Amino acid sequence: MDIGEFQARITELKEEKNALLLAHNYQVIEIQEIADFIGDSLELCRRAQGVEDADLIIFCGVDFMAETASILNPEKKVVIPTSTARCPMAAMLPMSVLREAKEAHPEAAVVVYVNTLAEAKAEADVTCTSANTAKIIAQLEEDTVLFGPDRNLVWYAARRVPDKTIIPIPDFGHCYVHRFFGEGNEAMELKKRYPDAELLVHPECEPEFQLKADHVLSTGGIYRRCKESDAEMFIIGTEVGMVGRLRREIPGKTFLPAKEYAECSAMKRIDLENTLSALQLEEPVVEVPEETARRARIPIERMLNLSP
Ligand code: 13P
Ligand code: SF4
């Protein structure tokens with residue numbers, strides 16, 4: 001089958017089964033083209049909250065995103081096209097590390113980035129995404145906050161909420177894809193060549209790169225900024241799938257990746273073939289143990305209430 005045939009078959013089967021296909025901004029264009037909804041982690045959480053308009057959810061994104069959709073829909077079957085789409089950063093904060101940190105800092109609030117496994121969320125007071133980190137932390141009563149796993153997001157939050165003491169857990173948490181940008185020297189070369197271009201950078205990037213950006217935003221924030229800004233050219237400091245979405249949906253403007261090969265291999269494990277198979281077989285099903293899901297739902301819903 002060619003791309004068009006795969007897409008037609010998926011669309012047909014999606015209707016037959018009343019399935020909802022959710023896709024993250026980093027998905028390949030062929031998947032974006034057949035998705036019912038594309039967004040950043042927060043937008044996907046919101047869309048996945050209490051889904052009533054579908055019998056089945058096909059989640060084209062990485063493990064922690066699909067788990068979150070499942071936690072928010074305990075009665076629904078959530079299927080991920082491949083269980084190998086695992087975010088390495090999400091695995092950097094196991095429950096045991098979080099428990100130790102909580103014992104060492106009993107006075108602290110516990111905030112976990114949504115890029116964590118369900119077992120870590122179950123230990124948290126509240127979750128956050130790159131779109132609402134500062135907003136969530138600023139609303140906490142506690143002065144001390146344990147926050148992880150992304151070290152660069154901790155740095156980003158500490159600058160925006162200076163009255164809180166934010167302790168990173170673990171010490172080394174990072175996204176290898178966003179590390180590719182380093183201090184942003186290549187992006188600055190592009191900026192020299194195109195001085196009117198806006199430089200938009202994700203908060204998982206290194207602090208030195210964030211400092212050079214015109215705006216530091218979630219992927220959903222980058223999308224909105226590109227639509228609303230008067231600029232005609234943008235340098236995009238995040239995973240290249242984002243550039244694909246921008247080029248497809250905002251045709252009048254120019255989008256340059258800050259690095260061509262900043263590709264998330266976990267996101268790219270999802271393709272048309274395994275998406276069709278997931279829809280046909282309704283597996284692999286995302287399984288979160290009931291008690292873990294019950295406990296993890298509390299900090300996720302708290303986030304959605306604090307950041308509607
Ligand atoms: P966003 O929530 O900004 O889409 O980020 C998700 C992610 O995994 C970034 O690497
Ligand atoms: Fe995880 Fe980084 Fe991929 Fe985002 S880009 S899913 S943080 S590995």
Side-chain angles (χ1 to χ4, degrees), residues 24-26 39-45 87 89 111-116 127-139 145 147-164 166 168 173-192 194-246 250 253-259 262-264 267 303 306-307:
H24 185 262
N25 284 321
Y26 295 162
D40 68 10
S41 309
L42 182 61
E43 292 160 344
L44 287 163
C45 280
C87 165
M89 180 162 71
V111 182
V112 299
Y113 192 22
V114 77
N115 297 36
T116 42
T127 63
C128 72
T129 78
S130 59
N132 60 16
T133 304
K135 187 172 179 178
I136 297 289
I137 293 179
Q139 290 182 74
V145 178
F147 180 30
D150 187 36
R151 184 80 206 218
N152 293 338
L153 195 62
V154 171
W155 179 88
Y156 165 93
R159 270 173 64 88
R160 283 156 181 85
V161 196
D163 56 319
K164 306 271 185 204
I166 305 179
H174 69 278
C175 163
Y176 77 98
V177 181
H178 289 86
R179 270 214 178 153
F180 286 146
F181 300 102
E183 295 187 8
N185 295 339
E186 286 174 46
M188 294 320 282
E189 284 300 315
L190 287 171
K191 187 92 176 150
K192 247 187 249 163
Y194 307 108
D196 293 336
E198 270 189 24
L199 175 58
L200 307 180
V201 168
H202 195 275
E204 286 176 17
C205 289
E206 298 293 335
E208 296 80 358
F209 190 22
Q210 292 190 39
L211 287 171
K212 290 170 184 150
D214 293 306
H215 299 279
V216 183
L217 297 161
S218 71
T219 62
I222 290 176
Y223 180 78
R224 279 187 298 281
R225 177 69 200 167
C226 291
K227 275 204 134 169
E228 288 159 12
S229 164
D230 291 335
E232 286 173 1
M233 190 182 272
F234 301 84
I235 303 162
I236 306 298
T238 193
E239 208 267 356
V240 289
M242 186 74 238
V243 178
R245 180 175 183 204
L246 294 167
I250 314 178
K253 298 183 178 181
T254 303
F255 304 97
L256 305 173
K259 200 145 210 142
E263 196 171 273
C264 174
M267 287 283 182
M303 168 186 77
L306 291 176
S307 172

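Just so we're clear, the structure is a prediction, and the values are computed from it rather than from any experiment.
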If you compare all heavy atoms of [X] against all heavy atoms of [Y], which two are closest, and at what distance to 0.1 Å?
{"X": "A258", "Y": "L190", "result": "CA-CD1, 4.4 Å"}
{"X": "T219", "Y": "N25", "result": "OG1-ND2, 2.8 Å"}
{"X": "G148", "Y": "T116", "result": "O-CG2, 4.4 Å"}
{"X": "C264", "Y": "E239", "result": "N-OE2, 2.7 Å"}
{"X": "V114", "Y": "S41", "result": "CG1-CB, 3.8 Å"}
{"X": "S130", "Y": "Y113", "result": "N-CE1, 3.5 Å"}

Sidechain-backbone polar pair: [X] side chain, [Y] backbone, donor-acceptor under 3.5 Å:
{"X": "K227", "Y": "I250", "value": "no"}
{"X": "K253", "Y": "C226", "value": "yes"}
{"X": "D214", "Y": "L200", "value": "no"}
{"X": "K191", "Y": "A197", "value": "yes"}

Straight-line distance of [X] [atom1] to [Y] [atom2], nearest 0.5 Å:
{"X": "R224", "Y": "S218", "atom1": "CZ", "atom2": "OG", "answer": "6.0 Å"}
{"X": "R225", "Y": "I236", "atom1": "CZ", "atom2": "CD1", "answer": "11.0 Å"}
{"X": "Y156", "Y": "I137", "atom1": "OH", "atom2": "CD1", "answer": "10.0 Å"}
{"X": "N152", "Y": "H202", "atom1": "CG", "atom2": "NE2", "answer": "11.0 Å"}
{"X": "L153", "Y": "C205", "atom1": "CG", "atom2": "SG", "answer": "11.0 Å"}
{"X": "I166", "Y": "R159", "atom1": "CD1", "atom2": "CZ", "answer": "12.5 Å"}

* To do: Please indicate whether Q139 has more than 12 foreign heavy atoms, meaning atoms of other residues, nucleotides or ligands, lying under 6.0 Å from its CD.
  => yes
Would you say that [X] contacts [Y] through its side chain, given a criterion of any heavy-atom pair below 4.5 Å between the two side chains?
{"X": "Q210", "Y": "W155", "result": "yes"}
{"X": "Y194", "Y": "L256", "result": "yes"}
{"X": "I222", "Y": "R245", "result": "no"}
{"X": "M89", "Y": "E204", "result": "yes"}
{"X": "K212", "Y": "N185", "result": "yes"}
{"X": "T238", "Y": "H178", "result": "yes"}
{"X": "M303", "Y": "T129", "result": "yes"}
{"X": "T133", "Y": "F147", "result": "yes"}

* Test item: side-chain donor near acceptor, E43 and Y223, under 3.5 Å -> no
* To do: Assess whether side chain to side chain contact (heavy atoms under 4.5 Å, CB included) is satisfied between R160 and V216, documenting all intermediate values.
  => CA-CA 12 Å; R160 283 156 181 85; V216 183; 4.2 Å; yes
* Taking the six-membered ring for Trp, are H24 and Y26 parallel (under 30°), tilted (30 to 60°) or perpendicular (over 60°)? -> perpendicular
